[in-house]
Amino acid sequence: MRLFFVMQNLYPVWGGAEKSMDTLIQHLSHKGHSVDWMCENNKQDVEPKLDILMKDIDIIITQLNWIPYATQLAEKYNKKCVVFVRSYENLCRVVFSDPKFHAECKQECTGCPHKVSPYESGGLAFRKADLIISNSKWMQHFLMEHHKLKSEIVYPFIDFAEYQLVGPRTHEYIAMNQLSYAKGADIFCEIAKALPNYKFKIVGNKGWMPSFSLPKNVKYVGFQTPEEIYSNVWLWLNPARWEEPFGRTNIEAQVAGIPVISTAYQTAVRDETVKDKVTGHLIKDIRNIRDWRRQIWKISQDQSKYIKNVEEIDLSRFEVEQNLNRLTTLLEGLQ
């Protein structure tokens with residue numbers, strides 16, 4: 001197959017959605033498929049050549065902000081189009097203008113005045129797609145329940161080899177991903193304040209946050225390699241406030257041998273990205289700092305048991321090869 005990836009952000013890789021697509025591109029290329037791509041970084045060079053390039057393309061693949069643009073390209077050149085849904089921006093009008101509301105609304109779109117209608121650019125784009133891919137059981141449910149969109153499930157593409165660390169390890173930090181309100185960075189900081197003798201770090205990019213200061217025992221380190229992220233971490237937290245579409249760092253951390261404590265958002269429960277009381281714990285009330293402290297203490301008192309459980313749990317359904325095979329079958333069905 002000859003595939004054309006069209007998305008605003010792809011290279012340089014800066015988030016989980018981009019990392020998933022980069023991994024997919026590498027593995028598709030390794031298997032002999034022809035892959036071209038266009039993102040904001042190279043659009044001015046590629047766009048003038050589209051008339052020639054598109055003659056040989058079989059399928060356009062897209063995600064996030066450029067879904068309307070990609071489906072328009074597919075329509076113009078009479079190509080099949082596959083849409084990966086990893087977030088909510090084409091289905092909600094206030095994702096960026098009111099991120100606090102979006103972080104707290106639990107994505108209950110039915111009846112919400114901010115819901116994008118099927119006739120607006122974002123909603124219409126989904127209905128032009130030949131295939132919609134959800135990244136979790138929750139996302140599949142959400143698309144059907146609130147937007148009447150049918151989708152297939154393919155988990156994010158995670159190359160386990162990148163996270164099975166072989167170098168020296170230290171148990172220095174409790175960590176989380178992304179300095180943002182939706183991800184619960186403020187809750188993470190409240191937990192850190194309640195545990196002043198522990199060291200905490202936040203990795204990844206910055207999202208919207210109310211004005212605040214990091215506690216003295218928390219540092220923001222920004223982007224790091226998998227080895228830099230996980231080699232000095234003994235516990236991973238995911239205090240997500242919103243309905244996280246997937247939350248791949250839950251899986252990454254466990255592959256790296258690290259237990260996880262997460263809020264009990266829908267994907268964590270439905271897809272069992274964390275096995276409650278086995279590879280970590282699920283917190284039902286995100287604001288119950290005493291519960292976070294209690295579960296952290298439990299793991300700290302019996303780290304070897306949790307690490308053993310993490311090492312033995314079967315996470316193969318999230319590994320890249322299984323999901324690549326699933327996707328390839330779906331793509332071949334479009335031809």
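Remember, it's a predicted structure, so these values are computed and weren't measured experimentally. For the single chain, residues carry numbers from 1 onward in sequence order.
Atom NZ of residue K275 and atom NE2 of residue H281 lie 13.5 Å apart, to the nearest 0.5 angstrom. Separating the SG atom in C92 from the CD atom in E89 is a distance of 10.0 Å, to the nearest 0.5 Å. Here E243 contributes atom CD and F142 contributes atom CZ; the two are 10.0 Å apart, rounded to the nearest 0.5 Å. Annotation: the span from H27 atom NE2 to D22 atom CG amounts to 9.5 Å, rounded to 0.5 Å. One distance of note links CE of M7 with CD1 of I61; it measures 7.5 Å at 0.5 Å rounding. A distance of 13.5 Å separates CD1 in I229 from OH in Y173, rounded to the nearest 0.5 Å.
Within the 3.5 Å criterion, the main-chain N or O of E319 finds a donor-acceptor partner in the side chain of N323. No side-chain donor-acceptor contact under 3.5 Å links H114 to the backbone of V94. Judged by distance alone, the side chain of W14 and the main-chain N or O of N9 form no donor-acceptor pair under 3.5 Å. With hydrogens and angles disregarded, a donor-acceptor distance shorter than 3.5 Å links the side chain of T62 to the backbone of V6.
Under the 4.5 Å side-chain criterion, counting only non-hydrogen atoms from C-beta, V233 is in contact with K201. Side-chain atoms of F4 and I59, non-hydrogen and from C-beta on, never get closer than 4.5 Å to each other. Proximity of I296 to I261: side-chain heavy atoms (C-beta onward) are separated by under 4.5 Å at one or more points. A heavy-atom distance below 4.5 Å is found between the side chains of Q295 and I283. Between V221 and I202 the shortest side-chain heavy-atom distance does not fall below 4.5 Å. Side-chain contact between S34 and L3 is absent, with no heavy-atom pair separated by less than 4.5 Å. Side-chain contact between E272 and R317: present, with at least one pair of heavy atoms (C-beta onward) separated by less than 4.5 Å. Within the 4.5 Å cutoff, no side-chain heavy atoms of I60 are placed close to those of V82.
Salt-bridge check for E162 with K19: passed, with a basic side-chain N closer than 4.0 Å to an acidic carboxylate O. Here E120 pairs with R93 in a salt bridge; the nearest charged N to carboxylate O distance falls below 4.0 Å. Comment: K183 engages E244 in a salt bridge, judged by a side-chain N to carboxylate O separation of less than 4.0 angstrom. Salt-bridge formation is not detected for the pair D58/R2: no Lys NZ or Arg NE/NH1/NH2 atom is positioned less than 4.0 Å from an Asp or Glu carboxylate oxygen. With respect to K308 and E311, no salt bridge is recorded, no charged nitrogen being found less than 4.0 Å from a carboxylate O. Looking at R241 and D186, a side-chain N of the basic residue comes within less than 4.0 Å of a carboxylate O on the acidic one, giving a salt bridge.
Annotation for Y119: atom OH does not count as buried by contact number, only 12 or fewer foreign heavy atoms lying within 6.0 Å. Enclosure of atom CZ in R270 by more than 12 non-hydrogen atoms of other residues, nucleotides or ligands within 6.0 angstrom is indicated. Counting non-hydrogen atoms of neighbouring residues, nucleotides and ligands closer than 6.0 angstrom, the CG atom of N78 reaches no more than 12 such neighbours. For W208, the CH2 atom sits in a packed shell: over 12 heavy atoms of surrounding residues, nucleotides or ligands are nearer than 6.0 Å. Summarising the local packing, NZ of K277 is surrounded by 12 or fewer heavy atoms from other residues, nucleotides or ligands at distances under 6.0 Å. By the neighbour-count criterion of 12 heavy atoms within 6.0 Å, atom NZ of K106 is densely surrounded, having more than that number from other residues, nucleotides or ligands. By the 6.0 Å contact criterion, CD on Q44 is open, its count of non-hydrogen atoms from other residues, nucleotides or ligands being 12 or less.
I299 and I313 are not part of a single hydrophobic cluster, where members link through side-chain heavy atoms under 4.5 Å apart. Both Y220 and I187 are assigned to one and the same hydrophobic cluster, defined by single-linkage of ILVMFWY side chains at heavy-atom distances under 4.5 Å. Residues L149 and L131 are members of separate hydrophobic clusters, defined by side-chain heavy-atom contacts under 4.5 angstrom among Ile, Leu, Val, Met, Phe, Trp and Tyr. Residues L334 and F84 share a hydrophobic cluster, clusters being chains of Ile/Leu/Val/Met/Phe/Trp/Tyr side chains in contact below 4.5 Å. The same ILVMFWY cluster, assembled from side-chain heavy atoms under 4.5 Å apart, contains both I191 and M209.
Of all the heavy atoms in K79 and K55, the pair that sits closest is NZ-O, 3.7 Å. The nearest pair of heavy atoms linking N135 to P245 is OD1-O, 3.3 Å. Pairing each heavy atom of A192 with each of V218, the nearest pair is CB-CG2, 3.3 Å. Here the shortest heavy-atom pairing between K128 and E75 reads NZ-OE1, 3.1 Å. Here the shortest heavy-atom pairing between Y306 and D302 reads CD1-O, 3.2 Å. For the residue pair C81 and T71, the shortest heavy atom distance occurs at SG-CG2, 3.8 Å.
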Subject >> L143 vs S134, side chain to side chain contact (heavy atoms under 4.5 Å, CB included): CA-CA, chis, key distance, verdict >> reply: CA-CA 8 Å; L143 289 175; S134 292; 3.3 Å; yes
**OP:** Using the side chain to side chain contact (heavy atoms under 4.5 Å, CB included) rule, take Y155 and Q322 through it: C-alpha gap first, then chi angles, then the decisive distance, then the call.
**Re:** CA-CA 9 Å; Y155 290 124; Q322 282 203 27; over 6 Å; no
**OP:** Apply side chain to side chain contact (heavy atoms under 4.5 Å, CB included) to the pair N90 and F126, showing each step before the final yes or no.
**Re:** CA-CA 9 Å; N90 286 286; F126 283 102; 3.5 Å; yes
**OP:** For the pair C105 and W242, evaluate side chain to side chain contact (heavy atoms under 4.5 Å, CB included) and give the outcome as yes or no after the intermediate values.
**Re:** CA-CA 7 Å; C105 73; W242 68 335; over 6 Å; no
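Remark: K199 is not positioned above the aromatic ring of W234, lacking an NZ or CZ atom under 6.0 angstrom from the ring centre and at most 45 degrees off the axis. Both the sub-6.0 Å distance and the 45° axial angle are not jointly satisfied by K193 relative to the ring of F200.
For the ring pair (Phe, Tyr, Trp, His ring centres under 6.0 Å) test with W37, the passing option among F5, W66, Y11 is Y11; the others fail.
Aromatic rings of F96 and H102 (six-membered ring for Trp) have centroids beyond the 6.0 Å cut-off, not under it.
A donor and an acceptor atom, one from each side chain of Q178 and N205, are located under 3.5 Å apart. The closest side-chain donor-acceptor pair between Y181 and E104 falls under 3.5 angstrom.
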Show which side-chain atoms of residues 246-256 pair as donor or acceptor with protein atoms under 3.5 Å away, not counting sequence neighbours.
residue	atom	partner	partner atom	Å
R248	NE	E252	OE2	2.7
R248	NH1	F157	O	3.4
R248	NH2	Y163	OH	3.2
R248	NH2	E252	OE2	3.3
T249	OG1	W236	NE1	3.3
N250	OD1	N238	ND2	3.3
N250	ND2	Y265	OH	3.3
N250	ND2	T273	OG1	3.4
E252	OE1	Y230	OH	2.5
E252	OE2	Y163	OH	3.2
Q254	OE1	T279	OG1	3.0
Q254	NE2	N250	O	2.9
Q254	NE2	T273	O	2.6

